[in-house]
Enquirer: 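This structure is in structure tokens; I'll ask about it shortly.
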Amino acid sequence: MEHLADADLDLERPTVLYDDGRHGVYWIGITDETAFRCNTYLIRDGDQALLVDPGNRGFFEQVRSRVGQLMPPEEVTGLILCHQDPDVAASMVDWLDLNPKLEVISTARTHVLLPHYGRARYPAVEVREASARKLPSGGELRFIEAPFLHFPGAFATYDATSKVLFSGDVWAALDVQWRLVVDDFEMHVPAMDLFHLDYMASNVASRGFAKKLVGLDIEAIAPQHGSIIPRRYVPRALEYLDKLRCGLDIVYADLE
Ligand SMILES: [Fe+2]
Ligand SMILES: [Fe+2]
């Protein structure tokens, strides 16, 4: 992943994050230039193609055409939705129009809310704490719940082959001066603070999640907003969550 830090990004094309011939991970790319831009990722493995956090409806055509540079978009087999926010999940209705059989993979708390986008029924797969999904290559995706970061039913997805942790809003960063891969963690902290201090529930939530990840072999953290955090900064990223004071810690600081 480090090799991408200095690479000239072609924002018109997907960027390969990992590819061993049997298993591929791509950053789909987006031309949105606001600080709240969203990352969509694609995992391809055998006959499975799973979009991680496909995004809002306004960018559906762009995401669809980028996916189309890699494969027929109607052959996407599933959506992994880390929670139901519109920036993550609203385009599920458009993806279901393309392929009504595609699986929507998320937690029960998220599935309760997703029908409000206008599809009462869809093929729903329920993610549970520490559950896994086997892939045709022999690899697997492991799901790790991230309660109250920021949604009660949020979760992260760990790809055991590429060792990429798709973290959703956790480690999200808001910044107009953006790079695909973090090259200076200290400079990146304020951009993460902008998101975490307002959105994340509390230190108990962030510290509890970080504790679950200790010992996990992480090549890169791929959040839904902002830059990818490469392996060399993963220990500091965990420490960031461990020490973070956010949300209710700040709002009700006088109660401590
Ligand atoms: Fe969110
Ligand atoms: Fe988000």
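Whatever order the structure lists them in is the order used to number ligands and atoms, beginning at 1. We use all heavy atoms of the structure for the numbers below, so side chains are in, but hydrogens, waters and symmetry mates are not.
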Enquirer: Does D45 form a salt bridge (charged side-chain N to carboxylate O under 4.0 Å, His left out) with K134? I'd like the steps, not just the answer.
Expert: CA-CA 10 Å; D45 190 300; K134 295 278 179 211; over 6 Å; no

Enquirer: Please tell me whether E145 and T107 have a donor and an acceptor in their side chains that are separated by less than 3.5 angstrom.
Expert: no

Enquirer: For the CZ atom on R22, are there more than 12 heavy atoms of other groups (residues, nucleotides or ligands in this structure) within a distance under 6.0 Å?
Expert: no

Enquirer: With a cutoff of under 4.5 Å between side-chain heavy atoms, which Ile, Leu, Val, Met, Phe, Trp and Tyr residues group with M187?
Expert: none

Enquirer: Does one side chain, of D217 or Y158, offer a donor that lies under 3.5 Å from an acceptor on the other?
Expert: no

Enquirer: Return the set of protein N, O or S atoms whose distance to the Fe ion (ligand 2) is under 2.8 Å, each given as residue and atom.
Expert: D87 OD2, D169 OD1, Q224 OE1, H225 NE2

Enquirer: Under 3.5 Å, is there a donor-acceptor pair between the side chain of D85 and the main chain of V88?
Expert: no

